[in-house]
Amino acid sequence: MAAALLVGIFDNEDEHINRNVMAERLLRPHNDVLNFPDRVLISFYRLPRHLILNLVKELRPVLERPSRRHGALAVLVQVTNALRFFAKGDFQTEVASLSSVSQLCISRNLMEVTKAICNLAPNYIQFPLGEELLRIKEEFLQQSGMPGVIGLIDGSLFPIKAPNGPSEPAYVCRKGYHAINVQAIGDQNMVIRHLLAKWPGSIHDSFIFNTRASGWLLGDSGYPLKPYLITPIMNEQTEAERKYNVPHKRCRSRQERLYGIWKGRWRYHDKSGGYLQYSPKRVVMFVKATAVLHNICRMANLPDTKNIPVEDEEEGHDGIGL
């Protein structure tokens, strides 16, 4: 009854953001969060109702407890708490306040949900094979004019707090802050097809890369030229070289946009929110979990979030302009 009354007063679009915050505080303890329309759920958790329910269903065998003793939370609450954390980059204390549970409980459940989502990675992060690979080649050709392309490869820095111990200097990236260097291969629809998220920020992209496939990957000049990986021509001199570089850059820009969409939807990773206050090991888990969530959103054709951050131009190494 309370949920129906609250939803009924949210017709004024100019005030819906503040009202949504108030309503979430009132409804979360009663597990009524799914009574809200999809626009509200996407605002807070980045997923609409049916995708939240699908995720809860997939994670239930791992997260459900036989009883609610000792503060065990319902799977829906565990999952939406984690989604809120990834979506907004909130401190655990703020998520705990919204859920009316302790920060310790949020911390414990966050790691449990993160591990459970990471275990879904083989279902959602798969390199294409067979007919799917042929389809991807054809779509890349139609989009950019580059034949034989099966994926786009690039790295991105995910800032973290300075870790303790002798390994701390290894995490200082070329831009002077501590980071995890994440490398992904994306397809023409900006779905992550392969992920490496374990190296300190000082490790170069070409060191991280180690894969072969029946087609070409496109990378920037930070990668070595290989039979299966093509890079831009530096200091182009001829019209033929320019005609090669232009579609190469156009095609590869989708990978930069992939990182922008990923970090824009899951603001926990965007450097505008500050440095991740966790150990590198935990940050790697969060990266893998949000990569799975990114693919869930892309595969469901959800609209991209507004104000997508653009990857720093220095990420690309090649300096080629169109």
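Residue indices begin at 1 and follow the sequence shown. From a predicted model like this one, the values you see are computed outputs, not experimental measurements.
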Checklist entry - How far apart are the C-alpha atoms of Gln188 and Gln143, what are their side-chain angles, what is the distance that settles it, and do they pass the side-chain hydrogen bond (donor to acceptor under 3.5 Å, both in side chains) test? => result CA-CA 8 Å; Gln188 79 289 357; Gln143 289 177 357; over 6 Å; no
Item to check | Single-linkage hydrophobic cluster, 4.5 Å side-chain cutoff, Val40 and Leu34 together | outcome: yes
Checklist entry - Do the side chains of Phe86 and Met299 join up, straight or via other hydrophobic residues, at under 4.5 Å, putting them in one cluster? => result yes
Checklist outcome for this item: Here the pair of heavy atoms bringing Pro232 nearest to Ser221 is CD-N, 3.9 Å
Checklist entry - Is the NZ or CZ atom of Lys263 both under 6.0 Å from the centre of the six-membered ring of Phe158 and within 45° of that ring's axis? => result yes
Checklist entry - Side chains of Ile153 and Gln255: closer than 4.5 Å at any heavy-atom pair? => result no
Checklist entry - Applying the 4.5 Å side-chain criterion to the ILVMFWY set and letting contacts propagate, would Met111 and Leu76 be lumped into a single cluster? => result yes
Checklist entry - Ile150 pairs by side chain to side chain contact (heavy atoms under 4.5 Å, CB included) with which of Phe127, Trp216, Tyr228? => result Phe127
Checklist outcome for this item: Contacts of Gln142 meeting side-chain contact (heavy atoms from CB on, under 4.5 Å) (sequence neighbours excluded), chain-then-number -> Glu138
Item to check | side-chain hydrogen bond (donor to acceptor under 3.5 Å, both in side chains) contacts in which one or both residues fall within residues 46-57, not counting sequence neighbours | outcome: none
Next on the checklist: Checking the side chain of Arg193 only, and the main-chain atoms of Gln126 only, is there a donor and an acceptor separated by less than 3.5 Å?
Outcome noted: yes
Checklist entry - Can you check whether Ala184's main-chain N or O pairs, donor with acceptor, with Tyr259's side chain at less than 3.5 Å? => result yes
Checklist entry - Within a strict 4.5 Å, meaning less than it, do heavy atoms of the Leu152 and Leu217 side chains meet? => result no
Item to check | Close side-chain approach of Val149 to Ser144, heavy-atom, < 4.5 Å | outcome: no
Donor-acceptor contacts, no H, no angles, side chain residues 113-120, under 3.5 Å, sequence neighbours left out:
{"unit_1": "Thr114", "atom_1": "OG1", "unit_2": "Leu110", "atom_2": "O", "d": "2.7"}
{"unit_1": "Asn119", "atom_1": "ND2", "unit_2": "Lys115", "atom_2": "O", "d": "3.3"}

Checklist entry - Should Asp187 and Pro128 count as side-chain neighbours, where that means a heavy-atom distance under 4.5 Å? => result no
Next on the checklist: Do Ile230 and Leu218 make a side-chain contact, defined as non-hydrogen atoms from C-beta onward lying under 4.5 Å apart?
Outcome noted: yes
Next on the checklist: Run the side-chain contact (heavy atoms from CB on, under 4.5 Å) test on Cys173 and Leu157 for me, step by step, so that the C-alpha distance in whole Å, both residues' side-chain angles and the decisive distance to 0.1 Å come before the verdict.
Outcome noted: CA-CA 8 Å; Cys173 69; Leu157 298 170; 3.7 Å; yes
Checklist entry - How long is the span from the CD1 atom in Ile180 to the OG atom in Ser156, to the nearest 0.5 Å? => result 12.0 Å
Checklist entry - Would a hydrophobic clustering, with Ile, Leu, Val, Met, Phe, Trp and Tyr connected at side-chain separations under 4.5 Å, put Leu229 with Leu133? => result yes
Checklist entry - Can you tell me how far the SG atom of Cys251 sits from the CZ atom of Phe140, to the nearest 0.5 Å? => result 5.0 Å
Checklist entry - Judged by atom type as modelled, is there a donor-acceptor pair below 3.5 Å linking the side chain of His178 to the main-chain atoms of Ala170? => result no
Checklist entry - If you take all heavy atoms of Tyr124 and Val292, which pair is closest and at what distance? => result CD1-CG1, 3.9 Å
Item to check | Distance, nearest 0.5 Å, that separates CE of Met190 from CD of Glu256 | outcome: 12.0 Å
Item to check | side-chain contact (heavy atoms from CB on, under 4.5 Å) involving Glu239 - partner list, sequence neighbours excluded | outcome: Arg242, Lys243
Next on the checklist: Would the distance check show the side chain of Ser253 and the main-chain N or O of Arg250 forming a donor-acceptor pair, the cut-off being under 3.5 Å?
Outcome noted: yes
Checklist entry - According to the side-chain hydrogen bond (donor to acceptor under 3.5 Å, both in side chains) rule, which pairs have a member within residues 286-298, sequence neighbours left out? => result Trp262-Thr290, His269-Thr290, Arg298-Asp304
Next on the checklist: Check whether Glu241 reaches the backbone of Gln237 with its side chain - one donor and one acceptor, N or O, closer than 3.5 Å.
Outcome noted: yes
Checklist entry - Stepwise, does the side-chain contact (heavy atoms from CB on, under 4.5 Å) test hold for Val182 with Leu195? => result CA-CA 8 Å; Val182 176; Leu195 181 71; 3.7 Å; yes
Checklist entry - Less than 4.5 Å apart, any side-chain heavy atom of Ile192 and any of Ile185? => result no
Checklist entry - What are the two closest heavy atoms between Val287 and Ala197, and how far apart are they? => result CG1-CB, 3.7 Å
Checklist outcome for this item: Note: Pro280 and Ile160 closest approach over all heavy atoms is CG-CD1, 3.9 Å
Item to check | Distance in Å, Leu41 CG paired with Asn35 CG, rounded so as to fall on 0.5 Å steps | outcome: 9.5 Å
Checklist outcome for this item: Contacts of Glu112 meeting side chain to side chain donor-acceptor pair (under 3.5 Å) (sequence neighbours excluded), chain-then-number -> Arg65, Asn109
Checklist entry - So, for Gly145 and Pro147, which heavy atoms are closest and what is the spacing to 0.1 Å? => result O-CD, 3.4 Å
Next on the checklist: Would Arg135 and Glu131 count as a salt bridge (charged side-chain N to carboxylate O under 4.0 Å, His left out) here? Give the steps.
Outcome noted: CA-CA 6 Å; Arg135 177 181 57 79; Glu131 292 185 2; over 6 Å; no
Checklist entry - Given side chains that start at C-beta, do those of Thr80 and Phe44 come closer than 4.5 Å, heavy atoms only? => result no
Next on the checklist: Pair Glu168, Lys161 - check salt bridge (charged side-chain N to carboxylate O under 4.0 Å, His left out), show working.
Outcome noted: CA-CA 10 Å; Glu168 177 270 332; Lys161 72 173 182 178; over 6 Å; no
Checklist outcome for this item: Of all heavy-atom pairs linking Leu302 and Pro48, the shortest is CD1-CD, 3.8 Å
Next on the checklist: If you define the side chain from C-beta out and look only at heavy atoms, does anything of Ile42 sit under 4.5 Å from Leu47?
Outcome noted: no
Checklist entry - Out of curiosity, Tyr45 OH to Leu293 CG, how far, rounded to the nearest 0.5 Å? => result 14.5 Å
Item to check | Spacing of CD1 belonging to Ile261 relative to SG belonging to Cys297, to within rounding of 0.5 Å | outcome: 10.5 Å
Item to check | Backbone N/O of Gly222 and side chain of Asp220: donor-acceptor pair under 3.5 Å | outcome: yes
